[in-house]
Amino acid sequence: MIRLLTSKWTKVVVFAVCLFPLASLGWKALRGEMGANPVEFITHATGDWTLRFLVITLAITPLRKITRVPQFIRFRRMLGLFAFIYACLHFSTYMVLDKFFDVAEMLKDIQKRRFITVGLAAFVLIIPLAVTSTAAMIRRLGGKRWQLLHRLIYVSAVLGVIHYYWLVKSDVRKPLEYAWMVGLLLAFRLGVWVVDRSRPCGPRSGSSVELPVTAESA
Ligand code: HEM
């Protein structure tokens with residue numbers, strides 16, 4: 001298991017798997033299988049994958065801690081960056097294909113439709129995470145500040161769920177499923193933090209502070 005997780009080929013496979021939703025979207029576009037409203041189809045697919053990748057990225061730490069296999073961390077930066085890539089595609093679909101770069105129309109939308117306002121906030125919050133995902137940026141910011149900054153992913157995931165909840169018209173089952181998942185993942189972190197704080201000898205070194213989303217080394 002450890003050998004599999006540390007192999008460079010596993011990373012290549014995970015990378016290819018992460019690209020699969022995009023390839024599938026491209027394939028459907030080529031074959032004209034996007035239904036009557038292709039823009040809506042792309043918006044929904046990219047929105048879904050953004051939220052999925054945010055949840056998967058958040059799940060790495062609990063997985064690592066529950067299984068006691070630190071090597072899972074190797075994939076977190078990549079998964080976080082894929083969340084960002086799908087968010088960029090999602091936002092670009094809205095900006096280019098839906099609004100045709102009409103800034104006035106977009107500003108009106110942001111003001112009037114609360115789900116757009118919240119979605120935009122969720123997107124803006126993950127931009128600094130992507131920008132500071134390199135080793136050089138980690139060094140430049142310093143571990144503590146970097147870790148603090150990368151907690152923005154929690155806020156972004158919560159806002160992403162609210163965005164989804166507010167945009168659906170009647171059937172809120174799917175956004176509620178995401179709300180449960182994000183809630184559980186955040187509760188896990190809170191639990192770890194509380195347990196660490198309540199240790200008689202104080203938190204174990206490095207265990208109470210969560211590793212940055214993009215960090216690969218434990
Ligand atoms: C991290 C940021 C974001 C996440 C996680 C996210 C997630 C989602 C999800 C899950 C959906 C629903 C997909 C479905 O119905 O299957 C969606 C739809 C949508 N999102 Fe986002 N989104 C984000 C940012 C944005 C931004 C920045 C905009 C535009 C400014 C935006 C505009 C839309 C629109 C227009 C829809 C379709 C609404 C409809 O069908 O009525 N989203 N998004």
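When a ligand or atom number is given, it counts from 1 through the structure's own listing order. Predicted model, so just to flag it, every value in this text is computed and none were measured.
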Which ligand 1 atoms, with their elements, are less than 4.0 angstrom from a heavy-atom of [X]?
X      : value
Leu167 : 11 (C), 17 (C), 18 (C), 19 (C), 38 (C)
Phe123 : 1 (C), 2 (C), 27 (C)
Leu120 : 27 (C)
Thr43  : 19 (C), 34 (C), 36 (C), 37 (C)
Phe91  : 27 (C), 29 (C), 30 (C)

Q. When you measure from atom 2 (C) of ligand 1 to each heavy atom in Ala122, Ala45, Ala121, Gly47, which option holds the nearest one?
A. Ala122

Q. Nearest heavy atom to atom 35 (C) of ligand 1: which of Phe41, Tyr94, Phe53 does it belong to?
A. Tyr94

Of all the non-hydrogen atoms in the protein, which one sits nearest to [atom], and at what distance?
atom                    : answer
atom 14 (C) of ligand 1 : Asp48 OD1, 3.5 Å
atom 41 (O) of ligand 1 : Lys169 NZ, 3.8 Å
atom 4 (C) of ligand 1  : Thr50 CG2, 4.0 Å
atom 12 (C) of ligand 1 : Tyr164 CE1, 3.5 Å

Is there a donor in the side chain of [X] and an acceptor in the side chain of [Y], or the other way round, less than 3.5 Å apart?
X      : Y      : answer
Thr132 : His150 : yes
Tyr86  : Arg52  : no
Asp109 : Tyr94  : yes

Q) Any non-hydrogen atom of His90 lying under 4.0 Å from ligand 1? A) yes

**Q.** Test of ring centre spacing under 6.0 Å for Phe15 and Phe82
**A.** yes

Where is the tightest heavy-atom contact between [X] and [Y], given as atom of each residue plus distance?
X      : Y      : result
Arg74  : Lys8   : NH2-CA, 4.4 Å
Thr93  : Leu89  : OG1-O, 2.5 Å
Gly119 : His163 : CA-ND1, 3.4 Å

Q.
Between the side chains of Asp196 and Arg199, is the shortest nitrogen-to-carboxylate-oxygen separation below 4.0 Å, so that they form an ion pair?
A. yes

(Q) I need the contact type for His163 against ligand 1. Using non-hydrogen atoms and a strict under-4.0 Å cut-off, is it side chain, backbone, both or neither? (A) side chain

Q) Counting both backbone and side chain atoms, is some N or O of His44 under 3.5 Å from an N or O of ligand 1? A) yes

(Q) Side chains of Leu51 and Val182, heavy atoms from C-beta outward: is any pair under 4.5 Å? (A) no

